[in-house]
Amino acid sequence: MRPPERRALAAALLLACAACEDRGSSPRIIMLDGSSSVFPISQAMVEEFAIQRRGEARFAVGVSGTGSGFRRLCNGETDINNASRQINEDESEACGADGIDLVELQVAWDGLTVVAHPSNAWAGCMTVDELRSLWEPSSTVERWGDIRADWPDRRLELYGPDTGSGTFDYFTAAVVGREGASRSDYTASADDHMLVAGVSGDRGALGYFGYAYFEENRNKLRAVWIDAGRGCIAPSRETIADGSYAPLARPMYIYISRDALRRPEVESFVRFYLDNAGILVPEAGYIPLGPPAYAEMRLRLDS
């Protein structure tokens with residue numbers, strides 16, 4: 001992330017802008033909600049925008065999960081949804097029924113990272129089939145030794161996103177084979193920091209969340225390498241960017257209401273987002289798109 005003093009300055013400027021409301025001199029609040037995985041990117045953009053464009057906009061940034069964020073966006077409650085997956089057919093139809101037209105912009109790449117306690121010396125690599133047998137709704141796996149006979153007879157405690165999360169949707173589709181299909185007897189949370197704390201404090205734990213939260217806490221966690229049939233691949237910025245970290249490399253999006261884009265401060269912020277993604281996305285712990293891809297997103301915004 002950016003240095004603490006820049007974040008402190010950004011926070012002070014955002015508070016200063018909020019204080020302008022009573023004087024009637026500030027623009028309407030730009031409302032963002034959605035994915036906890038995309039949140040660090042959007043929060044970095046908000047902070048930097050506050051520093052570079054003082055007084056141009058005020059912000060409220062929520063973290064209700066991708067699915068809940070789409071519901072709020074389609075209800076007209078927010079302007080931008082942070083999304084760790086594409087909008088699905090039901091959500092798109094709900095938006096259309098409410099007269100909400102959306103612009104989809106990819107802003108980064110992520111790699112869902114399977115993590116274990118740092119003392120775990122056996123599960124250095126797991127196959128996708130093993131992950132499926134562990135997470136599928138019919139799973140009877142309760143101990144590490146149930147996965148491989150030479151692994152310890154230690155109880156396995158699972159941690160992961162809740163069912164409103166786009167990370168949950170993507171992982172279940174990629175690993176189990178059907179979006180939303182998962183065993184329910186695991187510790188679920190919409191807060192990735194809670195999942196980090198759970199896995200790092202439990203010697204028998206296994207969990208998953210976005211790469212940025214692993215990178216931020218790599219001294220507390222151990223990443224499990226993934227074998228999708230081409231050997232064990234570690235999650236890294238390089239393997240996520242080149243797609244070799246399969247099947248858990250995924251795109252990250254923001255969705256913007258076209259009505260909101262008619263407001264000058266929203267359009268200005270979204271253009272700032274794309275113009276600065278190459279710098280701020282890596283600082284937030286994620287992998288940026290190449291310059292041609294961001295140019296394509298700008299063309300989509302222009303159209």
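In this chain, numbering begins with 1 at the start of the sequence shown.
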Q: Quick one: do R271 and D302 satisfy salt bridge (charged side-chain N to carboxylate O under 4.0 Å, His left out)? Show the steps, please.
A: CA-CA 10 Å; R271 292 191 183 280; D302 290 339; 2.8 Å; yes

**Q.** Verdict with supporting geometry, D275 and Y294, side chain to side chain donor-acceptor pair (under 3.5 Å)
**A.** CA-CA 8 Å; D275 290 344; Y294 284 123; over 6 Å; no

**Q.** Donor-acceptor side-chain pairing of S257 and D79 below 3.5 angstrom
**A.** no

Q. Between the main-chain N or O of L261 and the side-chain N or O of D259, is there a donor-acceptor pair closer than 3.5 Å?
A. no

Q: Give me the ring orientation class for F171 and Y208: parallel if the planes are under 30° apart, tilted from 30 to 60°, perpendicular past 60°.
A: parallel

Q. So, F49 versus F59, ring centres under 6.0 angstrom or not?
A. yes

**Q.** Y253 and Y255 aromatic ring geometry - parallel, tilted or perpendicular at 30°/60° bounds
**A.** tilted

Q) Step by step, would you call S64 with D33 a side chain to side chain donor-acceptor pair (under 3.5 Å)? A) CA-CA 6 Å; S64 68; D33 197 10; 2.8 Å; yes

Q) With Y286, which of L280, V38, D110 fulfils side-chain contact (heavy atoms from CB on, under 4.5 Å)? A) D110

(Q) Counting C-beta onward and ignoring hydrogens, is there a side-chain heavy-atom pair between D227 and I233 closer than 4.5 Å? (A) no

Q) Do L73 and E91 pass the side chain to side chain contact (heavy atoms under 4.5 Å, CB included) test, and can you show the C-alpha distance, the side-chain angles, and the key distance before you say yes or no? A) CA-CA 10 Å; L73 185 63; E91 292 161 342; over 6 Å; no

Q: Decide salt bridge (charged side-chain N to carboxylate O under 4.0 Å, His left out) for R143 and D146; before the verdict, give the C-alpha distance in whole Å, the side-chain angles of both, and the deciding distance to 0.1 Å.
A: CA-CA 5 Å; R143 310 184 76 80; D146 295 337; over 6 Å; no

(Q) What verdict does the salt bridge (charged side-chain N to carboxylate O under 4.0 Å, His left out) test give for R53 and E265, after you've listed the backbone C-alpha separation in whole Å, the side-chain angles of each residue and the deciding distance to 0.1 Å? (A) CA-CA 10 Å; R53 309 280 184 87; E265 68 273 19; over 6 Å; no

Q.
The test is side chain to side chain donor-acceptor pair (under 3.5 Å); show your working for R300 and S303 and say whether it passes.
A. CA-CA 5 Å; R300 182 177 296 183; S303 68; over 6 Å; no

**Q.** Donor on one side chain, acceptor on other, E157 and T187, under 3.5 Å
**A.** no

Q.
Before you tell me yes or no, could you show the steps for E267 and R263 under salt bridge (charged side-chain N to carboxylate O under 4.0 Å, His left out), namely the whole-Å CA-CA distance, both residues' side-chain angles and the distance that decides it to 0.1 Å?
A. CA-CA 6 Å; E267 182 186 0; R263 291 161 43 200; over 6 Å; no

Q: Assess whether side chain to side chain donor-acceptor pair (under 3.5 Å) is satisfied between T167 and R250, documenting all intermediate values.
A: CA-CA 10 Å; T167 300; R250 61 172 178 169; 3.0 Å; yes

Q) With D150, which residues qualify under side-chain hydrogen bond (donor to acceptor under 3.5 Å, both in side chains), at least two apart? A) none

Q: Determine, stepwise, if the pair L289 / W109 fulfils side chain to side chain contact (heavy atoms under 4.5 Å, CB included).
A: CA-CA 7 Å; L289 312 182; W109 290 101; 3.3 Å; yes

(Q) Checking side-chain polar atoms at under 3.5 Å, does D242 have a donor or acceptor matched by the opposite partner on S244? (A) yes

(Q) Please check: side-chain N/O of R183 versus main-chain N/O of L134, any donor-acceptor pairing under 3.5 Å? (A) yes

(Q) Checking R72 against T78: is there a side-chain donor and acceptor pair closer than 3.5 Å? (A) no

(Q) Determine whether a donor-acceptor pair (N or O, by modelled atom type, separation under 3.5 Å) exists between the side chain of T66 and the backbone of A83. (A) no

Q | Exam field: side chain E130 to backbone T127, donor-acceptor pair closer than 3.5 Å | A | yes

Q) Do S236 and Y245 have side-chain heavy atoms sitting under 4.5 Å apart? A) no

(Q) Hydrophobic cluster membership, with links at side-chain heavy-atom distances under 4.5 Å among I/L/V/M/F/W/Y: are I254 and F70 in one? (A) no

Q: Spell out, yes or no, whether L32 and I100 are grouped together once hydrophobic residues are joined by side-chain heavy atoms under 4.5 Å, including indirect joins.
A: no

Q | Aromatic ring pairing F214/Y211, orientation class (parallel under 30°, perpendicular over 60°, tilted between) | A | tilted

Q: Kindly say whether N88 contributes a backbone atom to a donor-acceptor pair with the side chain of S92 at under 3.5 angstrom?
A: no

